[in-house]
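Have a look at the structure below, then the notes.
All heavy atoms count here, side chains included; hydrogens, waters and symmetry mates do not.
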Amino acid sequence: MPQGSHRTFDVAVAGGGIIGLAVAWRAQRHGLKTVLLERDARVAQGATHAAAGMLAPVSEANVAEQELLRLGLESAARYPAFVAELAEQSPLDAGFLRCGTLVVARDRDEAEALDRERDARARLGLEVERLLPSEARRREPGLAPTLRLALDVPEDHAVDPRGLAAALADAFARAGGDLRTGTPVARVTTSATGERVSGVELDDGERIAAAQVVVATGAWTQALGGIPTAARVPVRPVKGQILRLRDPAGPGLFTRVLRMDPGYLVPRGDGRYVLGATMEERGYDTDVTAGGVFELLRDASELVPGISELVLEELEAGLRPGTPDNAPALGPGALEGLHWAAGHHRNGILLAPVTADLLLASLTGAPLGELATPFTPDRFTTTPTKDVAA
Ligand code: FAD
Ligand code: GLY
């Protein structure tokens with residue numbers, strides 16, 4: 001039998017976005033025979049393809065959501081080791097950039113709000129530095145002179161999600177994992193008694209036997225069949241329009257992630273930049289609109305006037321996977337053998353390393369620890385029943 005081809009698997013992962021890829025790689029590296037099933041012809045064409053790649057637990061945090069902040073800080077701390085381990089397994093560059101972040105205010109109201117944000121972060125012991133406009137512009141000369149205030153967040157970095165996904169897919173395959181693209185999963189299958197999972201059935205009727213199944217189907221999770229209604233985690237799509245730009249003159253217009261209210265600019269370090277993003281509740285609509293693009297460009301060029309000289313390379317809308325509380329569902333659910341890695345909403349790139357580690361614990365029956373308690377899938381589900389949703 002060729003390497004990576006097994007009739008039955010220890011683990012089947014449904015969905016080849018950043019989350020499914022990270023979990024599958026971790027599981028395979030640990031010695032679990034893993035198959036990754038991705039519906040599209042290539043991996044990571046969903047939210048991961050659109051994502052900017054900010055690793056921004058401090059600057060993006062809603063300090064009222066301290067459990068998510070703690071999870072994000074933990075994942076950010078694991079990033080250097082995660083990408084270093086990946087680099088040992090794959091020659092593909094994940095595009096991890098230790099660039100830091102500036103959060104900026106453009107008028108008095110925004111400056112007052114930023115000071116409140118700084119105080120809230122200081123109370124939590126998070127490292128931020130208040131910068132007057134002159135110092136902010138000394139550090140980032142591309143910023144407009146109209147800037148009112150900035151916070152320097154030195155430990156919020158960035159990664160290229162497309163590069164990271166390609167490296168994870170490559171490392172997974174090199175580790176002997178079975179990566180199947182163009183393979184939509186129709187439903188999770190269960191044992192005769194319906195009490196535990198037995199694998200998955202594909203759209204074409206083929207069955208794949210697996211002792212455990214991981215749901216990593218992003219914003220499309222509701223369409224995955226075979227999961228009892230009472231054991232489901234509800235996930236909805238949250239649209240984000242985003243632009244990709246390139247400076248023909250090369251890198252240097254700005255070197256840090258720049259965050260404003262409500263958008264952001266992310267440098268890739270090579271003259272490419274990402275400008276995002278809208279937040280829209282529009283179901284599965286992925287149209288890019290004139291209004292969305294106009295607002296993003298208007299806000300960004302007010303902050304960094306040089307933006308208007310850049311080449312517009314790509315317009316895209318992606319669908320963030322959101323649960324009712326906008327926090328992920330991580331670990332075992334109500335149906336035995338079924339594990340959730342879904343609903344990462346605005347932070348799936350940041351949370352990939354910690355998700356992979358927690359899901360490995362879940363798959364091997366190890367304790368997930370206190371960090372994972374607030375994210376248990378059970379918070380959305382009721383007692384398991386045997387009625388199976390189509
Ligand atoms: P996805 O990447 O959507 O992957 C799900 C995969 O499952 C897809 O490949 C899909 O084809 C596949 N699939 C679905 N159904 C099936 C099926 N039945 N069978 C087989 N395969 C299936 N996060 C950050 O941390 N930092 C950021 O800067 C950031 N910026 C963002 C900007 C935008 C505009 C958007 C939209 C998102 C952003 N995010 C960011 C959020 C991040 O992109 C998501 O949280 C993350 O990509 C979710 O990963 P995922 O693997 O769960 O979902
Ligand atoms: N985390 C950035 C976004 O979701 O747009």
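Taking OG1 from Thr48 and CD1 from Ile349, the interatomic distance works out to 4.5 Å, rounded to the nearest 0.5 Å. Distance check, rounded to the nearest 0.5 Å: CZ of Arg207 to CD of Glu201 gives 4.5 Å. From Ile19, atom CD1 reaches atom OG1 of Thr355 across 4.5 Å, with rounding to the nearest 0.5 Å. A distance of 6.0 Å separates NZ of Lys33 from OG1 of Thr8, quoted to the nearest 0.5 Å. Atoms CZ and CZ, from Arg246 and Arg268 in turn, are 15.0 Å apart once rounded to the nearest 0.5 Å. Taken to the nearest 0.5 Å, the OG1 atom of Thr255 stands 8.0 Å off from the CG atom of Leu102.
Looking at Leu151 and Thr101, their side chains never come closer than 4.5 Å, going by heavy atoms from C-beta outward. At a threshold of 4.5 Å between non-hydrogen side-chain atoms, the residues Pro80 and His157 do not count as touching. Residues Ile307 and Leu265 meet the side-chain proximity criterion, which asks for heavy atoms closer than 4.5 Å. Within the 4.5 Å cutoff, no side-chain heavy atoms of Glu110 are placed close to those of Met260. Using a 4.5 Å heavy-atom threshold, the side chains of Met54 and Asp156 count as separate. Residues Trp340 and Ile227 form a side-chain contact, since some pair of their non-hydrogen atoms from C-beta on lies under 4.5 Å apart. Between Arg78 and Glu85, every side-chain heavy-atom pair lies at or beyond the 4.5 Å cut-off. With a 4.5 Å cut-off on side-chain heavy atoms, Ser59 and Val257 do not count as touching.
More than 12 heavy atoms of other residues, nucleotides or ligands sit less than 6.0 Å from atom CD of Glu112. In the displayed structure, Arg298 atom CZ is contacted under 6.0 Å by more than 12 heavy atoms of other residues, nucleotides or ligands.
Following chains of ILVMFWY side-chain contacts shorter than 4.5 Å, one can reach Leu363 starting from Ile18, so the two form part of one hydrophobic cluster. Both Leu335 and Phe9 sit in one connected hydrophobic cluster of ILVMFWY residues. Membership requires side-chain heavy atoms under 4.5 Å apart, directly or through other members. Val200 and Leu224 end up in the same hydrophobic cluster when Ile, Leu, Val, Met, Phe, Trp and Tyr side chains are linked at under 4.5 Å. Hydrophobic clustering, with ILVMFWY side chains joined whenever heavy atoms are under 4.5 angstrom apart, groups Leu358 together with Val11. Each of Val304 and Val266 belongs to its own hydrophobic cluster when Ile, Leu, Val, Met, Phe, Trp and Tyr are linked at side-chain heavy-atom distances under 4.5 angstrom.
Checking side-chain atoms of Arg256 against main-chain N and O of Arg139 turns up a donor-acceptor pair under 3.5 Å. The main-chain N or O of Ala14 is never found under 3.5 Å from a side-chain atom of Arg39 such that the two would form a donor-acceptor pair. A side-chain donor-acceptor contact under 3.5 Å links Gln28 to the backbone of Ala175. Between the side chain of Asp160 and the backbone N or O of Arg162, at least one donor-acceptor pair lies under 3.5 Å. In this structure, the side chain of Thr217 does not engage the main chain of Gly15 through any donor-acceptor pair within 3.5 Å. No side-chain donor-acceptor contact under 3.5 Å links Glu316 to the backbone of Ile242. Of the possible donor and acceptor atoms, none in the side chain of Asp287 sits under 3.5 Å from a partner among the backbone N and O of Thr289.
If you check the side chains of Glu295 and Thr278, you find no donor sitting under 3.5 Å from an acceptor. For Arg320 and Asn347, the side-chain atoms include no donor-acceptor pair closer than 3.5 Å. For the residue pair Ser90 and Asp170, a side-chain donor N or O sits within less than 3.5 Å of a side-chain acceptor on the partner. Inspection of the Glu280 and Gln241 side chains reveals an N or O donor paired with an N or O acceptor under 3.5 Å. Side-chain contact, Thr190 with Glu195: no donor N or O sits under 3.5 Å from an acceptor N or O.
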Candidate pair Thr34 and Val214, rule side chain to side chain contact (heavy atoms under 4.5 Å, CB included), full reasoning | CA-CA 10 Å; Thr34 303; Val214 177; over 6 Å; no
After noting the C-alpha distance and the side-chain angles of Phe96 and Leu164, does the key distance pass the side chain to side chain contact (heavy atoms under 4.5 Å, CB included) rule?
-> CA-CA 8 Å; Phe96 179 54; Leu164 178 60; over 6 Å; no
May I have the step-by-step check of side chain to side chain contact (heavy atoms under 4.5 Å, CB included) for Val354 and Leu330, ending in yes or no?
-> CA-CA 10 Å; Val354 79; Leu330 304 173; 5.6 Å; no
Starting from the C-alpha separation in whole Å, work towards a yes-or-no answer on side chain to side chain contact (heavy atoms under 4.5 Å, CB included) for Arg26 and Leu359.
-> CA-CA 9 Å; Arg26 228 346 136 246; Leu359 264 289; over 6 Å; no
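Of all non-hydrogen atoms in Gly269 and Leu97, the two that sit nearest each other are N-CD2, 3.9 Å. Residues Gly218 and Val235 approach most closely at O-CG1, 3.6 Å, considering heavy atoms. Scanning both residues, Pro332 and Ser362, for their nearest heavy atoms gives CD-OG, 3.0 Å. Here the shortest heavy-atom pairing between Ala24 and Leu36 reads CB-CD1, 4.2 Å. When all heavy atoms of Ala22 and Ala356 are compared, the pair lying nearest together is O-CB, 3.5 Å. Between Ala169 and Leu179, the shortest heavy-atom distance links the atoms CB-CD2, 4.0 Å.
Clustering of Ile, Leu, Val, Met, Phe, Trp and Tyr by side-chain heavy atoms under 4.5 Å joins Trp220 with Tyr284, Leu319.
Here Arg121 does not pair with Glu155 in a salt bridge; the nearest charged N to carboxylate O distance is not below 4.0 Å. Between Glu74 and Arg70, no side-chain nitrogen of the basic residue sits less than 4.0 Å from a carboxylate oxygen of the acidic one, so the salt-bridge criterion is not met.
Of the residues listed (Asp40, Leu37, Val43), the one engaging Thr181 in a side chain to side chain contact (heavy atoms under 4.5 Å, CB included) is Val43, and it is the only one. Screening Asn326, Thr323, Thr221 for a side chain to side chain contact (heavy atoms under 4.5 Å, CB included) with Arg236, the sole residue that qualifies is Asn326.
Applying the ring pair (Phe, Tyr, Trp, His ring centres under 6.0 Å) test to residues at least two apart or on different chains, the pairs with a partner in residues 240-261 are Phe254-Tyr273. Applying the salt bridge (Lys or Arg N to Asp or Glu O under 4.0 Å) test to residues at least two apart or on different chains, the pairs with a partner in residues 324-352 are Glu60-Arg346, Arg196-Glu336, Asp325-Arg379. Legend: salt bridge (Lys or Arg N to Asp or Glu O under 4.0 Å) pairs involving residues 362-374, not counting sequence neighbours: none detected. Screening residues 29-50 for ring pair (Phe, Tyr, Trp, His ring centres under 6.0 Å) gives no qualifying pairs among residues at least two apart or on separate chains. The list of salt bridge (Lys or Arg N to Asp or Glu O under 4.0 Å) pairs with a residue in residues 222-231, not counting sequence neighbours, is empty.
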